[in-house]
Amino acid sequence: MTSNTTIRSVVASKAFNDGVRDIRKGKTINYDYSQDINKQWNYERGRQFALAYDGDVKEGRHINYKAILAAVNLFMHRAIL
């Protein structure tokens, strides 16, 4: 099922941040990250994001504004799907 979401909610998701963390730790892709397709997609998006952005995604519990701007830019240029 498809539904609308925001870039901020994608970047804030645990799955997205797990994907970022895995890339930065040099881990291989986890093809079976989740049975929930939305979580799997956010995990993949996080991995793609980490290849283009090396700053902090979160500052404590809050999303870094620069990370959101970078994500918007990457989504708009279709570097992340």
Side-chain angles (χ1 to χ4, degrees):
M1 178 170 104
T2 9
S3 62
N4 291 329
T5 189
T6 64
I7 291 175
R8 186 185 185 294
S9 66
V10 169
V11 173
S13 73
K14 179 183 181 320
F16 183 91
N17 284 280
D18 287 346
V20 169
R21 225 174 287 112
D22 282 359
I23 279 291
R24 292 184 177 169
K25 288 183 179 179
K27 292 184 178 180
T28 59
I29 189 169
N30 182 353
Y31 291 103
D32 298 320
Y33 176 78
S34 176
Q35 295 298 315
D36 180 333
I37 193 69
N38 293 320
K39 289 179 182 176
Q40 185 70 38
W41 267 104
N42 284 344
Y43 173 78
E44 299 298 334
R45 289 177 179 122
R47 290 177 54 82
Q48 293 172 1
F49 179 80
L51 295 172
Y53 180 77
D54 63 353
D56 293 330
V57 176
K58 290 187 173 184
E59 293 176 353
R61 296 185 64 177
H62 301 284
I63 301 300
N64 183 340
Y65 185 70
K66 290 180 183 179
I68 293 173
L69 290 177
V72 166
N73 187 40
L74 291 167
F75 276 102
M76 289 184 73
H77 287 93
R78 301 203 183 264
I80 297 177
L81 300 175

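- Both Tyr31 and Tyr33 sit in one connected hydrophobic cluster of ILVMFWY residues. Membership requires side-chain heavy atoms under 4.5 Å apart, directly or through other members.
- To the nearest 0.5 Å, atom CD1 of residue Ile80 and atom CZ of residue Arg45 are 8.5 Å apart.
- Atom-to-atom distance recorded for Ile29:CD1 and Glu44:CD is 4.0 Å, nearest 0.5 angstrom.
- Under a 3.5 Å cut-off, the side chain of Asn64 and the backbone N or O of Asp56 do form a donor-acceptor pair.
- Summarising the geometry, atom CZ belonging to Arg24 is positioned 6.5 Å from atom CG belonging to Asp54; distances are rounded to the nearest 0.5 Å.
- Lys58 NZ: more than 12 foreign heavy atoms inside a 6.0 Å radius.
- Val20 and Val72 end up in the same hydrophobic cluster when Ile, Leu, Val, Met, Phe, Trp and Tyr side chains are linked at under 4.5 Å.
- Of the inter-residue distances, the one linking Ile68 atom CD1 with Asn73 atom CG reads 13.5 Å to the nearest 0.5 angstrom.
- When all heavy atoms are compared, the tightest approach of Lys27 to Arg47 is O-NH1, 3.6 Å.
- Closest heavy-atom contact between Thr5 and Ser9: OG1-OG, 2.6 Å.
- Taking hydrophobic clusters as Ile, Leu, Val, Met, Phe, Trp and Tyr residues chained together by side-chain heavy-atom distances below 4.5 Å, Val10 shares a cluster with Tyr53.
- Phe75 and Trp41 fall into different hydrophobic clusters, defined by Ile, Leu, Val, Met, Phe, Trp and Tyr side-chain heavy atoms under 4.5 Å apart, directly or through other members.
- When atom types are taken as modelled, the side chain of Tyr43 and the backbone of Asn30 share a donor-acceptor pair closer than 3.5 angstrom.
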| request: Assess whether side-chain contact (heavy atoms from CB on, under 4.5 Å) is satisfied between Phe49 and Val11, documenting all intermediate values. | output: CA-CA 9 Å; Phe49 179 80; Val11 173; 5.6 Å; no
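- Between the CG atom in Asp18 and the CD1 atom in Ile23 there is a gap of 12.5 Å [rounded to 0.5 Å].
- The CZ atom of Arg21 lies 6.5 Å from the NZ atom of Lys14; values are rounded to the nearest 0.5 Å.
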